[in-house]
2 protein chains.
Amino acid sequence: MNSIISTANNPTVVPTASGAGVGASSASSLNASPTFSPLYQQIKALITQSLQSGEWKPGELIPSEMELASRFKVSQGTVRKAIDELSAENLVVRRQGKGTFVATHHEARSQFRFLRLAPDEGVPHYPENRIIEVKRMRAPAEVARLLDIKSGDSVVFIRRVQSFSGVPTILDDLWLPGSIFKGLTVERLNEYKGPMYGLFETEFGTHMIRASEQIRAVCADEAVASLLGVGVGMPLLNVERVSFTYGDKPVELRRGLYLTLNHHYRNELS
Amino acid sequence: MNSIISTANNPTVVPTASGAGVGASSASSLNASPTFSPLYQQIKALITQSLQSGEWKPGELIPSEMELASRFKVSQGTVRKAIDELSAENLVVRRQGKGTFVATHHEARSQFRFLRLAPDEGVPHYPENRIIEVKRMRAPAEVARLLDIKSGDSVVFIRRVQSFSGVPTILDDLWLPGSIFKGLTVERLNEYKGPMYGLFETEFGTHMIRASEQIRAVCADEAVASLLGVGVGMPLLNVERVSFTYGDKPVELRRGLYLTLNHHYRNELS
DNA sequence: AAGTGGTCTAGACCACTAT
DNA sequence: TAGTGGTCTAGACCACTTT
């Protein structure tokens with residue numbers, strides 16, 4: 001009753017002689033089943049599974065709507081509605097005349113989706129990166145909880161400073177599950193230009209699809225003040241982020257300290 | 001070529017004898033007109049105009065999809081796609097079996113769309129309001145620029161403190177165009193319970209549809225520290241907001257100072 | 001029973017991209 | 001010229017709400 005195959009509306013199960021491919025609601029009254037979902041949602045879930053399994057990798061072309069409709073034995077319109085939602089969630093990108101592609105962080109349009117700090121004046125641009133430290137450690141309880149791993153499991157810790165036009169502005173601490181990010185070194189991080197999520201995607205097969213942030217105001221302590229080149233007590237934004245990959249699996253914990261003298265965190269409420 | 005009436009796809013202009021209501025592309029090659037837009041976008045614009053003009057007020061039922069299709073001489077599917085987008089933008093709310101309603105701030109589901117400060121522990125709830133001051137004044141240059149009015153025009157200034165469980169947490173300064181918010185007094189603000197946007201909507205016919213925020217970290221000065229009951233130098237979030245009503249017209253400038261000892265600004269990146 | 005939005009299908013044509 | 005996504009129509013049935 002809940003799968004693609006057994007759905008009452010599925011034309012392979014209830015082919016119609018006349019007009020629309022919709023049969024009478026089949027088995028008695030079980031449509032009120034708690035696990036019922038529309039066909040296009042099931043198609044969406046199947047496509048998401050293929051994304052998650054790596055059948056189609058970031059940047060690659062996925063099958064056309066007609067092909068998918070044929071594969072899943074539904075109409076093109078149903079596939080279309082599924083892809084519409086995936087596109088709205090930034091999992092795929094549609095390009096008229098070319099096809100539908102798996103979203104990737106190696107693109108101009110994705111560059112600023114996860115970088116909310118913008119200059120008070122002038123156009124946004126990507127900051128320079130300086131890796132301070134990379135080490136493997138045992139996950140503290142709080143880190144483990146947020147990454148949904150066991151306390152004491154191996155994690156990769158990264159500290160870096162990002163600068164705009166040479167001015168240190170962001171101090172980031174990152175914790176990544178050691179099981180996924182094997183072999184991540186200072187060298188690999190330094191030789192890589194552009195957003196870190198691009199590296200995660202290409203080198204470790206982990207594509208970030210969304211993140212949840214909590215923002216607070218704090219004062220710089222001595223260590224932080226030194227790294228950012230400001231005085232002790234300077235007010236900073238404390239941005240705590242948990243990022244998720246396919247299947248809403250948390251795979252990055254990040255604490256950023258943002259200097260907001262010439263920049264601001266931008267947010268659109270709608 | 002650009003209006004509803006003269007669109008090539010419009011069945012009133014190019015009625016078809018046979019199947020689909022789509023005629024051959026009419027006048028020569030002008031479809032590449034720079035102002036072309038799909039039918040459903042034109043329908044969406046027309047519905048938005050009706051919202052803006054007050055033909056249907058917040059909380060009210062708008063005509064059914066069939067009625068609108070008939071009024072605009074398009075198919076139900078085209079109206080549906082237009083309303084889909086309006087619904088995604090939170091301008092209207094669909095309710096199966098009942099109809100489509102104009103979005104209103106007098107609803108539980110809207111309460112937290114514009115209040116991003118959440119408690120570190122426990123469930124979010126709406127803060128208590130204390131109005132400190134209401135006065136009319138001449139708009140400073142910066143305020144005038146952001147509200148898209150003339151420098152020196154009349155504006156209403158409001159200062160208030162919001163508390164969670166009795167703990168002062170938010171200090172808000174607001175500037176509103178005097179031309180719209182006539183007769184706004186301390187009494188009216190105090191006797192009104194719930195989100196201020198509900199009052200703006202009901203009493204002044206101004207419904208906020210979106211807002212743009214810029215966030216920085218600052219330190220409390222003496223005046224602020226006194227109002228929030230904290231020490232001078234306490235780090236605070238400085239949240240500058242410009243809110244817009246229909247037609248993307250700016251109608252509120254707000255500067256909030258948030259105490260983030262037991263609360264945080266939450267944000268979902270996707 | 002009647003009306004509303006929600007889902008699904010089928011088929012047409014358009015705009016864009018590549019070959 | 002062929003293939004892709006984008007738009008539009010028409011009609012059916014389903015799920016939900018109210019009368």
Side-chain angles (χ1 to χ4, degrees), chain A residues 4 7-26 29-33 36-44 61-69 72-87 92-101, chain B residues 4 7-26 29-33 36-44 61-69 72-87 92-101:
Chain A
I4 297 271
T7 294
N9 282 334
N10 192 313
T12 59
V13 176
V14 187
T16 53
S18 60
V22 181
S25 107
S26 58
S29 58
L30 279 180
N31 255 351
S33 153
F36 168 82
S37 81
L39 243 192
Y40 78 89
Q41 288 285 2
Q42 299 176 36
I43 303 296
K44 183 184 170 189
L61 184 67
I62 77 173
S64 74
E65 295 176 355
M66 288 300 283
E67 278 178 53
L68 290 170
F72 297 131
K73 300 286 193 300
V74 298
S75 77
Q76 187 201 9
T78 300
V79 170
R80 183 163 189 78
K81 182 145 187 179
I83 296 182
D84 275 346
E85 291 203 353
L86 292 172
S87 175
V92 299
V93 176
R94 320 185 82 137
R95 288 186 200 141
Q96 194 178 33
K98 300 174 90 171
T100 302
F101 298 79
Chain B
I4 296 272
T7 294
N9 282 333
N10 191 314
T12 59
V13 175
V14 188
T16 53
S18 60
V22 181
S25 113
S26 58
S29 58
L30 278 178
N31 254 353
S33 153
F36 168 82
S37 81
L39 244 192
Y40 78 89
Q41 288 286 3
Q42 300 177 36
I43 303 296
K44 183 184 168 189
L61 184 66
I62 77 172
S64 74
E65 294 176 354
M66 287 301 282
E67 279 177 53
L68 290 171
F72 298 131
K73 301 285 192 300
V74 298
S75 77
Q76 187 201 8
T78 299
V79 170
R80 183 164 190 78
K81 182 145 186 180
I83 296 182
D84 275 347
E85 291 204 352
L86 293 172
S87 175
V92 300
V93 177
R94 319 184 83 137
R95 288 185 199 141
Q96 194 177 31
K98 301 174 88 172
T100 302
F101 298 79

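In what follows, chains are A, B, ... by sequence order, proteins preceding strands, each numbered from 1. All values below come from the heavy atoms of this structure, side chains included, with hydrogens, waters and symmetry mates left out.
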How many Å lie between [atom1] on [X] and [atom2] on [N], as a whole number?
X: B:Y40; N: D:dG5; atom1: OH; atom2: P; answer: 16 Å
X: A:I62; N: D:dG3; atom1: CD1; atom2: C1'; answer: 15 Å
X: A:E67; N: D:dA2; atom1: CD; atom2: C1'; answer: 14 Å
X: B:R80; N: D:dC8; atom1: CZ; atom2: C1'; answer: 15 Å
X: A:K81; N: C:dA10; atom1: NZ; atom2: P; answer: 17 Å
X: B:R95; N: D:dT17; atom1: CZ; atom2: P; answer: 11 Å
X: B:Q76; N: C:dT9; atom1: CD; atom2: P; answer: 17 Å
X: B:K73; N: D:dA10; atom1: NZ; atom2: C1'; answer: 18 Å

- How do B:S64 and A:Q96 order along DNA chain C: which one's closest nucleotide is nearer the 5' end? B:S64

- Message: Check this one for me: any side-chain N or O of A:T100 less than 4.0 Å away from OP1 or OP2 of D:dG5?
- Response: yes

- Would you tell me if any nitrogen or oxygen in the side chain of A:K98 comes within less than 4.0 Å of OP1 or OP2 on C:dC16? no

- Task: Side-chain contact test, heavy atoms from C-beta onward, threshold under 4.5 Å: evaluate it for A:V93 versus A:T100 and give yes or no.
- Result: no

- Message: Does the Lys NZ or Arg CZ of A:R95 fall within the cation-pi geometry relative to A:F101 - under 6.0 Å from the ring centre and within 45° of the axis?
- Response: yes

- Can you tell which of D:dG6, D:dA10, D:dT7 lies closest to the side chain of A:R94? D:dG6

- Query: Which of these nucleotides, D:dG6, C:dA18, C:dG5, is closest to any side-chain atom of B:E65?
  - Reply: C:dG5

- Message: Working note: B:R94 + B:E65, criterion salt bridge (Lys or Arg N to Asp or Glu O under 4.0 Å); need CA distance, chi angles, decisive distance, verdict.
- Response: CA-CA 11 Å; B:R94 319 184 83 137; B:E65 294 176 354; 2.2 Å; yes

- Scan B:D84, B:V79, B:T78, B:I83 and name whichever one has a side chain to side chain contact (heavy atoms under 4.5 Å, CB included) with B:Y40. B:T78

